[in-house]
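Below is one structure, written out as structure tokens; comments come after it.
Order of the sequence lines fixes the chain letters, A, B, ..., with proteins taken first and strands second; residue numbering starts at 1 for each chain. What you see below is based on every heavy atom in this structure, not just the backbone, and it leaves out hydrogens, waters and symmetry mates.
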There are 2 protein chains.
Amino acid sequence: MNYTEAKNELIQEWGILGSAWGINKTEAQIHGLLMISPEPLSVAEIMEELQISRGNVSMSLRALMDWGIVYKKFKLNERKEFFASEKDVWALATKVAEERQKRELKPVVKMLERIQEIKDTEADKAHVKEINKMSKELLKFAHQCDKVLKRFANSDSSWFFSTLVKLMR
Amino acid sequence: MNYTEAKNELIQEWGILGSAWGINKTEAQIHGLLMISPEPLSVAEIMEELQISRGNVSMSLRALMDWGIVYKKFKLNERKEFFASEKDVWALATKVAEERQKRELKPVVKMLERIQEIKDTEADKAHVKEINKMSKELLKFAHQCDKVLKRFANSDSSWFFSTLVKLMR
DNA sequence: TTAAAGTTTCAGAAATAATTGAAATATATA
DNA sequence: TATATATTTCAATTATTTCTGAAACTTTAA
């Protein structure tokens with residue numbers, strides 16, 4: 001295995017992983033590329049490396065910056081912008097978890113709260129009972145996950161895992 | 001809020017959540033429907049409720065059964081099949097987590113293991129160093145997550161959360 | 001200013017993914 | 001076994017998402 005093969009494998013696989021998790025392939029690939037790059041890269045370098053258009057790179061970088069896992073960097077005496085990825089794996093994971101919670105889980109929690117009080121004399125009693133039970137349990141679960149995530153966000157990897165592993169032995 | 005409104009909101013939102021996580025909308029909606037249904041439903045009832053084709057229902061149910069969160073049920077004196085969802089929220093969450101780990105995380109771990117040994121005298125030293133460092137850290141993180149997930153799978157919700165919350169206070 | 005260098009936007013094209021519906025297959029009952 | 005009922009499959013269609021490339025916009029520096 002030489003460097004180029006390894007790089008391509010990683011970028012490829014990172015793209016597949018992204019797709020499976022609802023993140024578009026190009027975004028994930030760009031992130032993979034930046035993640036293993038010792039230096040920040042320019043738009044032109046990313047285009048060249050992944051063989052994609054300027055517009056795509058521009059939009060994908062914006063999305064990655066919105067996730068909070070890619071940053072703009074400036075180089076002395078260079079007019080153009082460079083981009084670098086967060087490299088701390090724990091920081092990456094918590095950033096993504098927080099952002100997904102904000103974007104995708106919160107709306108569900110709001111929905112669950114909205115449907116907590118069903119006033120309905122018409123509907124089948126068993127149906128009302130079941131949706132009430134289920135939505136209450138989902139809400140409880142969501143709140144518990146929230147709590148754990150909050151702690152997550154303020155801790156570091158080594159602390160988290162070591163304590164968890166000790167606890168679970 | 002009456003029952004029908006609540007049901008529709010839940011199914012709708014459950015579909016959106018699914019899409020954001022790479023699960024197709026219809027599959028998620030069917031799951032939502034079964035989750036709040038006090039009785040197992042037939043294919044015809046699902047078609048009617050969600051206004052989708054027989055083929056779509058059939059394929060989606062198979063996918064949900066592959067996830068391990070929907071089961072076939074038989075009713076006495078009924079020729080056709082009925083379907084029901086796992087209703088325990090903790091069981092749901094761990095099933096999905098295990099399955100995603102198997103399907104999506106394992107290939108990444110394999111890739112990371114493959115690229116652990118780069119033999120390359122040609123390539124830029126800094127690049128090789130960076131990809132080595134990054135892939136080692138990702139692998140370490142993945143292994144730690146694996147370990148936690150394994151414990152997950154054999155535990156129950158109340159134990160997990162109560163210990164975690166105690167721990168994190 | 002103005003020109004050059006760089007970045008963003010977005011309408012249309014291309015690629016992917018989801019869905020339908022009808023034929024093929026399977027299963028139960030008389 | 002034949003027939004009616006139920007389920008699965010898959011080619012064709014439809015819908016959605018992603019990507020491109022050129023124009024519009026922004027920034028820097030002469």
Taking [atom1] from [X] and [atom2] from [N], how many angstroms apart are they, rounded to a whole number?
{"X": "A:Lys25", "N": "D:dC19", "atom1": "NZ", "atom2": "C1'", "value": "10 Å"}
{"X": "A:Asn77", "N": "C:dA5", "atom1": "CG", "atom2": "P", "value": "16 Å"}
{"X": "A:Met59", "N": "D:dT18", "atom1": "CE", "atom2": "P", "value": "10 Å"}
{"X": "B:Phe82", "N": "D:dA6", "atom1": "CZ", "atom2": "C1'", "value": "11 Å"}
{"X": "A:Gln51", "N": "D:dG21", "atom1": "CD", "atom2": "C1'", "value": "15 Å"}
{"X": "B:Met47", "N": "C:dA22", "atom1": "CE", "atom2": "C1'", "value": "13 Å"}
{"X": "B:Ile46", "N": "D:dT7", "atom1": "CD1", "atom2": "P", "value": "10 Å"}
{"X": "A:Leu50", "N": "D:dC19", "atom1": "CG", "atom2": "P", "value": "11 Å"}

Closer than 4.0 Å, any side-chain N/O of [X] to the OP1 or OP2 of [N]?
{"X": "B:Ser58", "N": "D:dT9", "answer": "no"}
{"X": "A:Thr26", "N": "D:dT18", "answer": "no"}
{"X": "B:Arg62", "N": "D:dT9", "answer": "yes"}
{"X": "B:Asn24", "N": "D:dT16", "answer": "no"}
{"X": "B:Asn56", "N": "C:dG21", "answer": "no"}

Salt bridge flag under 4.0 Å for residues B:Lys7 and B:Glu49: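 A salt bridge links B:Lys7 with B:Glu49.
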
State whether B:Glu130 and A:Lys87 are salt-bridged, where the test is any N-O pair (Lys NZ or Arg NE/NH1/NH2 against Asp/Glu carboxylate O) under 4.0 Å.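 Salt bridge between B:Glu130 and A:Lys87, a charged N being under 4.0 Å from a carboxylate O: yes.
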
For the base of C:dT8, is there a side-chain donor-acceptor partner from A:Arg54 under 3.5 Å away?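 It does not, because no donor-acceptor pair links the side chain of A:Arg54 to the base of C:dT8 below 3.5 Å.
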
Residue whose nearest DNA chain C nucleotide is more 5′ - A:Arg79 or A:Ala44: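 Here A:Arg79 is the residue nearer the 5' end.
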
If you pin B:Ser53 and A:Met65 to their nearest nucleotides in DNA chain C, which one's is more 5'?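 Going by which nucleotide is closer to the 5' end, it is A:Met65.
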
So which nucleotide from D:dT20, C:dG6, D:dT7 ends up closest to the side chain of A:Ile52?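 My answer, after comparing the listed nucleotides, is D:dT20.
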
Go through it in stages, so that I can follow the logic: the residues are B:Ser42 and B:Glu81, the test is side-chain hydrogen bond (donor to acceptor under 3.5 Å, both in side chains), and I'd like the CA-CA distance, side-chain angles, deciding distance and then a yes or no. CA-CA 6 Å; B:Ser42 67; B:Glu81 299 171 331; over 6 Å; no

5'-most by nearest nucleotide on DNA chain D - A:Gly55 or A:Gly22: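 Counting from the 5' end, the first nearest nucleotide belongs to A:Gly22.
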
Please determine whether salt bridge (Lys or Arg N to Asp or Glu O under 4.0 Å) holds for the pair A:Lys102 and A:Glu99, giving the CA-CA distance in whole Å, both sets of side-chain angles, and the decisive distance to 0.1 Å. CA-CA 5 Å; A:Lys102 205 186 303 173; A:Glu99 199 63 26; 3.6 Å; yes

I want to check a possible cation-pi pair here: A:Arg100 against A:Trp21, using under 6.0 Å from ring centre and within 45° of the ring axis as the test.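 No - A:Arg100 does not lie over the ring of A:Trp21 by the 6.0 Å and 45° rule.
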
